[in-house]
Amino acid sequence: MSDHTTPTVPAIVQCTFCLCPNIINADDPEALCKNCGLDLSRLGASSTAPTPPETGGTVFSQGPDDTANGAQAIATLFADETSPDKAASVVDAPPIETTATATAEATAKPTPTRRSPIHPWVITGAFAILIVGAIITTWVLLSAPPSVASADAAPKQATPITLEGWNATPAWTLDAAAEETAESADGATLLVTTPDDASIVDTTTGDLLATQELGGDTSARAYWAGDTALVVDGDTLHLWSAENSTDADESGDTESDQAGWATTKLGDATVSLRGDAVFAVAEVGAKYELVHADATRDAVAVPTEGAVPVAASGDTITWGTNKGVAYVTARDGSDSRDTVLAAPIDAASVSRWISGDTKHVYVVWSDGDTHTVAVHSLESGDAVSSLPLTADREAAATSTRDGAHVAYAGVLIDATTGAITETSHDIDGTVGEQFVTTGPLTLMNPAGEATPLAGDRVTLVAMSPDGDLVVSTGDTIASLTPASTDAGARTP
């Protein structure tokens, strides 16, 4: 049996306060944490050092680095406990190299190195700094404007639109699933209706000028009557004008996005739009009210029983009867004067009042199956021009936004001269002072000159005062600039 003394086996004890691993001998009277000074004598060993080999030799002890251990303690204090790498750094002790002889182990007793403890207030202060920093960071992120908080996000790029004669990159775009659109008389603004709301859009910049919430029960219809935008939403009538918008902004009693809108209930009345006038019709040929942009109504006197409004411009209204007599009155229906229209065909009678302007009225005369479209002077009643009608006389008339030209059932009417010309194009609408056909998509000026617009499938909805083409792709409204001034698209 060996008579030499068995060396004391050191143990690794982890401090429960600062988590620093300590190498403690069982007979060490001062089992204190090397880092914070906590009494470790009552703590169990977390692991045991390996048994020294039987071979003799000199004891080599590699003492801990105070600076490194201090840094490790602070890093461990703020470590993410879910991180495998950081968790491992807490439990792994520095390696101990030991080879012992009987005498050396019996007499040598390593003395633990004492170090200045980290006071609790230091650790508490570190926690406080961490919490304050987190609060400040959160406040900055929440209070920053979207453009700052999402600075790394790439700006949305407008999708190119290929249309012959126009630049592919839109000048501006607006996300809108448009159901109906209508452009103002000067082209400066566009009325857009969706299932949820109606909006007024600046055609030069794409800015939203005003928005009106809709009921959503029926598809709203969109029109312009002079300077007034008109939305028919079931039995509700919404009206907007730039003048109302300015008044609302100055008074400060209207939300900015609702500025300029006025609303009235139609009840059992219907709406009739003629030129720049909006009529609420309670009884056709008998009871009419003129609806103003602020939604107020004024009764309009009917010049004769059965007369219906045909056209309106400025201070006058033109009325028509089935007897072929036209009446011109003041805005309220007073100061009536009548003009008997001269039939271009004997025995023919007026079967359709198309429209009119300040000088003329446009009608269809029918004699059996023979139909003739004619333009009559409101002064004399004589036909300025006439043409046999081969298309459906119930077709809708379409006017350029300035009212200078009208397309109807395969003919074009010049409101300035009263001249009628035929066209082989099926007119489906207008933008600016030009007509639009969709089979194929073509712009046509009043003289009949056509400009094909081959490319992507779009709907033409407006033309800005600068000649930019505003189109709808179904879910987006976009403005396209002419590719060249000689492309024929900008000039009527």
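With rounding to the nearest 0.5 angstrom, the CG atom of L441 is 9.5 Å from the CZ atom of R457. Here L174 contributes atom CG and T476 contributes atom OG1; the two are 8.0 Å apart, rounded to the nearest 0.5 Å.
Side-chain atoms of D382 and V384, non-hydrogen and from C-beta on, never get closer than 4.5 Å to each other. For the pair I200/L208, no side-chain contact is recorded, criterion being any heavy-atom separation below 4.5 Å from C-beta on. Side-chain contact between M463 and Q434: present, with at least one pair of heavy atoms (C-beta onward) separated by less than 4.5 Å. The shortest side-chain heavy-atom distance between L480 and P170 falls under the 4.5 Å cut-off. Between V406 and Y362, some side-chain heavy-atom pair lies under the 4.5 Å cut-off. Between V461 and L190, some side-chain heavy-atom pair lies under the 4.5 Å cut-off. In this structure, V201 and V192 have side chains that are in contact, with non-hydrogen atoms separated by less than 4.5 Å. The shortest side-chain heavy-atom distance between L239 and V291 falls under the 4.5 Å cut-off.
For the residue pair S334 / D332, a side-chain donor-acceptor distance below 3.5 Å is found, with atom types taken as modelled. Using a 3.5 Å distance cut-off with no hydrogens or angles, the side chains of R297 and T264 do pair a donor with an acceptor. Side chains of T481 and N167: a donor-acceptor N/O pair is present below 3.5 angstrom, by distance only.
Counting only distance, with no hydrogens or angles, the side chain of W172 and the backbone of T203 share a donor-acceptor pair below 3.5 Å. A donor-acceptor pair under 3.5 Å is absent between the side-chain atoms of T194 and the main chain of A177, judged by distance alone. In this structure, D402 contributes its side chain and E433 its backbone to no donor-acceptor pair below 3.5 Å. When atom types are taken as modelled, the side chain of D428 and the backbone of T438 share a donor-acceptor pair closer than 3.5 angstrom. Using a distance-only test at 3.5 Å, with no hydrogens or angles considered, a donor-acceptor pair links the side chain of S385 to the main chain of G418. Not a single donor-acceptor pair under 3.5 Å links the side chain of S380 to the backbone N or O of S377. A donor-acceptor pair is defined here as one N or O able to donate and one able to accept, closer than 3.5 Å; no such pair exists between the side chain of D233 and the backbone of L214. In this structure, the side chain of T437 does not engage the main chain of I427 through any donor-acceptor pair within 3.5 Å. Put simply, the side chain of D367 never gets that close to the backbone of T370: no donor and acceptor are under 3.5 Å apart.
Qualifying side chain to side chain donor-acceptor pair (under 3.5 Å) partners for T189, counting only residues two or more places apart in sequence or in other chains: S184. Not counting sequence neighbours, the partners of H376 by the ring-ring contact (aromatic ring centres under 6.0 Å, His included) test are W365.
Other residues, nucleotides and ligands contribute at most 12 non-hydrogen atoms within 6.0 Å of the CD atom of E305. At most 12 heavy atoms of other shown residues, nucleotides or ligands fall within 6.0 angstrom of atom CG in D315. A 6.0 Å sphere centred on CG of D426 holds no more than 12 heavy atoms belonging to other residues, nucleotides or ligands.
Pairs of residues two or more places apart, or lying in two chains, that qualify as salt bridge (charged side-chain N to carboxylate O under 4.0 Å, His left out) and include a residue from residues 181-207 are E183-R401. Residue pairs meeting the ring-ring contact (aromatic ring centres under 6.0 Å, His included) criterion with at least one partner in residues 292-336, sequence neighbours excluded, are Y288-W319. Residues in residues 402-459 take part in no ring-ring contact (aromatic ring centres under 6.0 Å, His included) pair, two or more places apart or across chains.
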Listed pairs under 3.5 Å, donor-acceptor, residues 338-353 side chains, sequence neighbours left out:
from : atom 1 : to   : atom 2 : distance (Å)
T339 : OG1    : L378 : O      : 2.9
S351 : OG     : V364 : O      : 3.3
S351 : OG     : S366 : OG     : 2.5
S351 : OG     : R393 : NH1    : 3.3
R352 : NH1    : R393 : O      : 2.6
R352 : NH1    : A395 : O      : 3.2
R352 : NH2    : A395 : O      : 3.3
W353 : NE1    : T321 : O      : 3.1

Verdict with supporting geometry, D466 and S464, side-chain hydrogen bond (donor to acceptor under 3.5 Å, both in side chains):
CA-CA 5 Å; D466 294 333; S464 75; 5.0 Å; no
Between F279 and V271, is a side-chain contact (heavy atoms from CB on, under 4.5 Å) present by the stated rule, with each step listed?
CA-CA 6 Å; F279 295 95; V271 176; over 6 Å; no
One pair to check against side-chain contact (heavy atoms from CB on, under 4.5 Å): V231 and L191. What are the steps and the verdict?
CA-CA 9 Å; V231 180; L191 171 61; 3.9 Å; yes
